[in-house]
Amino acid sequence: MSQTEGVYGYSAVLMGSPILLKLFEHNETLASQVFRLIKQYEDLLTVNRAQSQVMSINHAAGQHPVAVSRPVFELIKCAKAASLFPDSAFNLAIGPLVKRWKIGFKGDSVPPPQEIAALLPRTDPHQVLLDEAAASVFLTQSGMEIDLGAIAKGYIADRVRDFLKKQGVEQGLINLGGNVQTLGSPQGGWSIGLKKPFSGADEMLGVIEVANKSVVTSGVYERYFELDGKRYHHILDPRTGYPLENELESVTIVSADSIDGDIWTTLIFGMGVEKGINMLKDRPDIEAIFVTKRREIILSSANLFRFTPLESDYRLLT
Ligand code: ADP
Ligand code: MG
Ligand code: MG
């Protein structure tokens, strides 16, 4: 526990990430309840261990449907819907490619093109069959694998927010390693740093101020490896099987729910800046901050947050 200016910070390591909870009261019991809740969801959803409900679905690929708990079913349903958007870069069935690349894990390597070509047909989200009444999930081909790594943190961040609200907490913040969800508006808002790509943890491009909003950032600098001078990062293009390549170094989404932030960071990584801005014109509830390789910070709009730039090397465009 740490304390600065009336804000109490509680930390843990869960889901392979540092987790930070901020409260305006000293309440160890509440903090441990929050961490237990996160752990329970991690245990249901992880694919980085031998056992979980999602792993049970994966183990039964090509054989039979697996009944899961309602929240897991609803999350998979939501992830499938996002995967079926026209030309979506989000794909819940991307597992076989993620496992083969191992980006961010020991043993990462660039797979031979013929291996990638052979895995692509096993990543078809249409082949994830859902049975609403039974709350069961069936992967129709053997070798298929669901991976909720791009969406689980957002979902869990929202559940933590709901839990804190139910406990009567008026102001709080949960940071699940890149997914921030906030409750209330202390002194006019929560300040969240926008990271400078490929630099130290405290080097910030600017500060995002929000109240009752989620702030999710996905960046090419978060998990990657380098080979022969080329960088391979952890967000894969389901259309090619290779890491997504465009002008973006990071995308931050500000929205009410963190699950939307998670879905939209991935969708926008697949679209790039111009198409991303166009898509968001119809979604006043979702706003984006793009950071490009050309050292630009571009705001799709800024009605849900306030942005203060801190780095003169980057041009701010709105
Ligand atoms: P982070 O892990 O830094 O929070 P993301 O939220 O963007 O980053 O999630 C990346 C993770 O999602 C990857 O590590 C992988 O497990 C999975 N993934 C990679 N590419 C895709 C994709 N195109 N669609 C869905 N999930 C993906
Ligand atoms: Mg994420
Ligand atoms: Mg994400």
Side-chain angles (χ1 to χ4, degrees), residues 4-5 7 9 18 20 22 24 153-154 157-158 161 171-222 235 244 246-318:
T4 33
E5 292 167 25
V7 184
L20 178 66
K22 289 186 183 178
F24 277 81
K153 284 182 192 167
D158 292 339
R161 181 233 11 230
Q171 297 178 334
L173 175 150
I174 184 79
N175 185 349
L176 302 180
N179 279 72
V180 177
Q181 180 57 287
T182 67
L183 196 55
S185 176
Q187 290 123 33
W190 291 97
S191 296
I192 294 146
L194 177 64
K195 268 195 202 151
K196 182 173 180 181
F198 303 105
S199 16
D202 345 308
E203 279 187 74
M204 297 298 164
L205 292 181
V207 177
I208 304 161
E209 275 173 283
V210 292
N212 294 305
K213 292 284 175 294
S214 152
V215 179
V216 179
T217 299
S218 240
V220 301
Y221 53 85
E222 281 171 56
I235 308 166
L244 275 157
N246 54 36
E247 74 271 48
L248 287 169
E249 284 198 330
S250 75
V251 174
T252 299
I253 297 287
V254 180
S255 54
D257 289 329
S258 206
I259 193 160
D260 288 326
D262 251 350
I263 291 170
W264 279 88
T265 46
T266 308
L267 290 180
I268 285 202
F269 246 105
M271 297 176 198
V273 176
E274 205 184 310
K275 195 161 171 226
I277 289 177
N278 263 324
M279 287 296 287
L280 290 179
K281 283 195 176 130
D282 298 333
R283 294 296 304 258
D285 56 325
I286 294 173
E287 296 189 319
I289 302 167
F290 308 89
V291 177
T292 72
K293 293 173 180 160
R294 298 185 298 267
R295 294 186 174 234
E296 299 154 330
I297 302 167
I298 304 167
L299 312 182
S300 67
S301 53
N303 301 310
L304 307 175
F305 65 94
R306 212 165 37 216
F307 183 73
T308 310
L310 293 175
E311 172 66 78
S312 53
D313 270 3
Y314 279 69
R315 278 201 307 153
L316 179 62
L317 307 171
T318 47

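Worth knowing before you read on, the calculation uses all heavy atoms, side chains too, and leaves out hydrogens, waters and symmetry mates. If you're wondering where the values come from, they're calculated on a predicted model, not measured in any experiment.
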Walk me through it: do V215 and F305 pass the test side-chain contact (heavy atoms from CB on, under 4.5 Å)? CA-CA 10 Å; V215 179; F305 65 94; over 6 Å; no
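- Going from atom CE of M279 over to atom OG of S300 covers 12.5 Å, rounded to the nearest 0.5 Å.
- In this structure, the separation between OG on S258 and CG on L176 is 7.0 Å, given to the nearest 0.5 Å.
- For NZ of K196, the number of neighbouring non-hydrogen atoms (other residues, nucleotides, ligands) closer than 6.0 Å is greater than 12.
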Take L248 and V220 through the test side-chain contact (heavy atoms from CB on, under 4.5 Å) and record every step on the way to the result. CA-CA 8 Å; L248 287 169; V220 301; 6.0 Å; no
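- The main-chain N or O of V291 is never found under 3.5 Å from a side-chain atom of E247 such that the two would form a donor-acceptor pair.
- Closest non-hydrogen pair, I235 versus T266, comes out as CG2-CG2, 4.4 Å.
- Here the side chain of D260 pairs no donor or acceptor atom with the backbone of S255 at under 3.5 angstrom.
- Between Y221 and S250, the shortest heavy-atom distance links the atoms CE2-CB, 3.7 Å.
- Side-chain atoms of N212 never come within 3.5 Å of backbone atoms of L183 as a donor-acceptor pair (strictly under, hydrogens ignored).
- For the residue pair K275 / N278, no side-chain donor-acceptor distance below 3.5 Å is found, with atom types taken as modelled.
- No donor-acceptor pair under 3.5 Å is formed between the side chain of E296 and the backbone N or O of I298.
- When all heavy atoms are compared, the tightest approach of P186 to F24 is CB-CZ, 3.4 Å.
- Q181 and D158 make their closest contact through NE2-OD1, 2.8 Å (heavy atoms, listed as atom of the first residue, atom of the second, distance).
- For the atom pair NZ of K195 and CE of M204, the computed distance is 7.0 Å after rounding to the nearest 0.5 Å.
- Put simply, the side chain of T182 gets close to the backbone of K213: a donor and an acceptor are under 3.5 Å apart.
- Within the model, atoms OG1 of T265 and CD1 of I286 stand 10.5 Å from one another, a figure rounded to the nearest 0.5 Å.
- Listed here is the closest heavy atom pair of I192 and V180: CD1-CG1, 3.7 Å.
- With respect to K293 and E249, no salt bridge is recorded, no charged nitrogen being found less than 4.0 Å from a carboxylate O.
- Only one option out of V273, L299, T252 pairs with F290 in a side-chain contact (heavy atoms from CB on, under 4.5 Å); it is V273.
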Test side-chain contact (heavy atoms from CB on, under 4.5 Å) on V251 and S218; report intermediate values, then the result. CA-CA 6 Å; V251 174; S218 240; 5.5 Å; no
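- I268 pairs with exactly one of I277, N246, I253 by the side-chain contact (heavy atoms from CB on, under 4.5 Å) rule, that one being I253.
- W264 places no side-chain N or O within 3.5 Å of a backbone atom of E287 that could act as its donor or acceptor partner.
- Side-chain atoms of N179 never come within 3.5 Å of backbone atoms of A157 as a donor-acceptor pair (strictly under, hydrogens ignored).
- What you find for L304 and P284 is that their closest heavy atoms are CD1-O, 3.9 Å.
- Taking CG of L205 as the start and CG of L316 as the end, the distance is 10.5 Å to the nearest 0.5 Å.
- Under the 3.5 Å distance criterion, the side-chain polar atoms of T292 are matched with a main-chain donor or acceptor of R294.
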